[in-house]
Amino acid sequence: MTGIAAVIDAARSCVWQTSATTVPGGLRMRWPRIWMLAIVAALPLRALADTPFDLQLVPLKQGIYLLQRPDVLRQPVEPNAVIIVNETDVVVVDPGGVPASAENAIRLIRSVTDKPVSVLINTHWHGDHVLGNQVYRREYPNVRIVAHENTYRDITGAPMAYIARQDEQFSAFIRDLEALDAKGELTAPRRQLLADVRLTQNENRKVRVTPPDLTFSDGVTLHRGAREIQIRWLGRGNTEGDAIVWLPQERILASGDLVVHPIPYGFGSFPREWGVTLNRLAGFDFEILVPGHGEPLRDRDYIAQLQEMLASVREQAAAAVKKGLDLEATRAAMDLSVYEQRICGDDALRKRLFKAWWADPITRSAWLEARGEPIIQGAADETG
């Protein structure tokens with residue numbers, strides 16, 4: 001996802017309802033989310049109380065931890081991180097989306113090791129995966145921040161312009177919720193959302209974009225004693241610079257947002273190439289796949305479902321373009337109900353998020369592809 005701004009943009013396409021009132025504008029909150037020292041470490045470690053940046057540290061294998069937000073659908077979203085504790089240092093995959101998230105992550109890392117973080121990997125340019133960079137730079141001045149060259153270009157270029165726009169977007173949404181509160185129409189979930197958005201806005205005001213200082217084109221390999229850490233670019237997919245991290249000895253694969261579970265993110269993505277990139281991803285002999293958001297996966301079933309959904313979207317978008325349909329008519333004609341049912345069941349919140357996070361944005365990308373038009377990272381119609 002593109003970071004906090006996408007939070008607000010999604011807000012504008014997703015309708016949130018109270019018992020009697022629709023929140024003006026709606027909200028699609030998005031952000032556009034380490035093995036035991038002792039047996040007790042098998043239990044998740046948590047830092048911070050009940051905030052959107054509440055994290056837990058879950059052992060995966062010896063020296064490898066998953067850092068995750070317990071509720072993957074809570075908004076604004078936060079990505080998974082992989083923490084790799086080596087003989088003399090630590091390598092981290094993705095820093096989180098605001099300073100508080102990164103600070104919380106570092107507290108958890110320091111709870112299991114006093115070794116310094118020497119390398120921080122940004123899997124792609126979306127704010128939830130890069131806006132914590134500044135805190136790692138502050139806490140570990142010698143850290144090298146690594147990303148694909150396309151990701152560097154996007155972080156240092158026009159796509160990140162959404163950050164300057166989102167403060168007023170947050171303010172407008174807060175006013176909407178406060179108006180409902182003044183009328184006594186704010187439900188308990190919306191009240192929690194209001195608190196979360198206020199905190200997120202405050203954190204967003206602290207953000208200073210800190211770009212990578214080491215880039216690669218196809219891949220780079222880190223050697224840490226007997227451990228090998230491969231950072232690879234398999235092709236365009238969710239963004240144009242998606243990096244994956246592969247630990248061949250441990251058979252752990254971190255996919256970034258090429259795979260997001262249970263509801264994928266389709267903002268600014270490249271449907272045709274994404275399917276090809278997922279073929280390459282599925283070729284890794286992984287035991288554990290850590291998605292950009294969501295619980296770890298241990299088979300390829302969800303990857304196959306993503307590929308099936310992408311193929312369906314592309315086929316339907318091509319047919320719509322052949323009929324001369326515009327984007328909104330294409331969205332109206334798009335039938336993804338079989339996938340919505342698989343992913344959402346009868347859960348109303350999941351259905352709203354499926355539409356806002358996946359169906360609407362991926363249809364936009366497929367429609368542009370079918371028309372032969374470019375897909376621009378950070379386009380205003382997706383980032384607000």
Side-chain angles (χ1 to χ4, degrees), residues 1-3 5-6 9-10 12-14 28 30 32 123-126 148-151 153-154 157-159 161-162 217 233-244 255-260 263-282 292 302-340 343 353-384:
M1 305 187 70
T2 61
D9 172 48
R12 301 305 180 194
S13 65
C14 181
R28 173 191 70 204
R30 69 187 185 97
T123 55
H124 58 290
W125 73 269
H126 291 167
H148 188 263
E149 58 193 14
N150 292 344
T151 295
R153 183 179 65 240
D154 291 333
Y162 79 85
S217 55
W233 183 72
L234 306 180
R236 299 199 302 184
N238 178 247
T239 72
E240 58 186 357
D242 299 299
I244 61 98
S255 70
D257 284 1
L258 285 170
V259 179
V260 171
I263 302 172
Y265 302 158
F267 308 98
S269 300
F270 301 87
R272 178 181 61 80
E273 293 168 84
W274 197 349
V276 175
T277 300
L278 286 173
N279 274 334
R280 296 171 182 149
L281 188 77
Y302 186 71
I303 295 176
Q305 179 170 283
L306 280 174
Q307 292 175 300
E308 186 181 332
M309 286 195 293
L310 285 164
S312 178
V313 169
R314 290 186 60 226
E315 180 180 354
Q316 293 184 63
V321 167
K322 189 174 182 179
K323 294 177 182 177
L325 300 186
D326 64 13
L327 175 56
E328 290 312 308
T330 300
R331 281 175 168 155
M334 185 69 59
D335 181 8
L336 300 177
S337 57
V338 62
Y339 306 110
E340 179 188 73
I343 290 172
L353 296 180
F354 181 86
K355 181 179 189 303
W357 289 355
W358 176 250
D360 282 354
I362 201 64
T363 297
R364 171 188 177 275
S365 289
W367 181 79
L368 288 171
E369 277 190 349
R371 287 167 57 90
E373 297 183 31
I375 296 169
I376 305 299
Q377 299 294 277
D381 60 342
E382 286 203 329
T383 57

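As the structure is a prediction and not an experimental result, all values here were calculated from the model.
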Using the ring of each side chain (for Trp, its six-membered ring), is H148 parallel, tilted or perpendicular to W233, with breaks at 30° and 60°?
parallel
[X] and [Y]: which non-hydrogen atoms are nearest, and at how many Å?
X    : Y    : value
L281 : S255 : CD2-CB, 4.2 Å
P264 : Y302 : CD-OH, 3.3 Å
S365 : G268 : OG-C, 3.9 Å
W274 : G266 : CZ3-CA, 4.5 Å

Could you check whether any side-chain N or O of [X] sits under 3.5 Å from a backbone N or O of [Y], counting only pairs where one atom can act as donor and the other as acceptor?
X    : Y    : result
R236 : F270 : no
T330 : A317 : no
D154 : P159 : no
T277 : G237 : no

With a 4.5 Å limit on heavy-atom distance, are the side chains of [X] and [Y] in contact?
X    : Y    : value
E369 : V321 : no
P374 : L368 : no
E240 : R153 : yes
I343 : Q305 : yes

First locate atom [atom1] of [X], then atom [atom2] of [Y], and finally report the distance between them rounded to the nearest 0.5 Å.
X    : Y    : atom1 : atom2 : answer
E382 : Y162 : CD    : OH    : 12.5 Å
R331 : L325 : CZ    : CG    : 13.5 Å
L353 : I263 : CG    : CD1   : 5.0 Å
T151 : W125 : OG1   : CH2   : 10.0 Å
W358 : S269 : CH2   : OG    : 6.5 Å
I375 : W367 : CD1   : CH2   : 11.5 Å

Considering only NZ, NE, NH1 and NH2 on the basic side and carboxylate oxygens on the acidic side, decide whether E340 and K355 come within less than 4.0 Å.
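No.
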Not counting sequence neighbours, which residues clear salt bridge (charged side-chain N to carboxylate O under 4.0 Å, His left out) with R371? List them please.
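Listed in chain order: E373.
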Given side-chain contact (heavy atoms from CB on, under 4.5 Å), test L278 with L234 step by step and report yes or no.
CA-CA 8 Å; L278 286 173; L234 306 180; over 6 Å; no
Please walk me through it: do D360 and T363 pass side chain to side chain donor-acceptor pair (under 3.5 Å)?
CA-CA 5 Å; D360 282 354; T363 297; 5.8 Å; no
Any pair with a residue in residues 310-327 that passes side chain to side chain donor-acceptor pair (under 3.5 Å), sequence neighbours left out, goes on the list, sorted by first then second residue, please.
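Listed once each, the pairs are S312-Q316.
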So, E308 and Y339: side-chain donor and acceptor under 3.5 Å apart, yes or no?
yes
For D242 and T239, does a side-chain donor sit closer than 3.5 Å to a side-chain acceptor?
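Yes, side-chain donor-acceptor contact under 3.5 Å.
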Using side-chain contact (heavy atoms from CB on, under 4.5 Å), reason through R272 and V276 one step at a time and then give a plain yes or no.
CA-CA 7 Å; R272 178 181 61 80; V276 175; 5.7 Å; no
Could you walk me through whether R364 and D381 pass the side-chain contact (heavy atoms from CB on, under 4.5 Å) test, one step at a time?
CA-CA 10 Å; R364 171 188 177 275; D381 60 342; 2.8 Å; yes
Run T123 and D257 through side-chain contact (heavy atoms from CB on, under 4.5 Å) and show every step you take.
CA-CA 8 Å; T123 55; D257 284 1; 5.8 Å; no
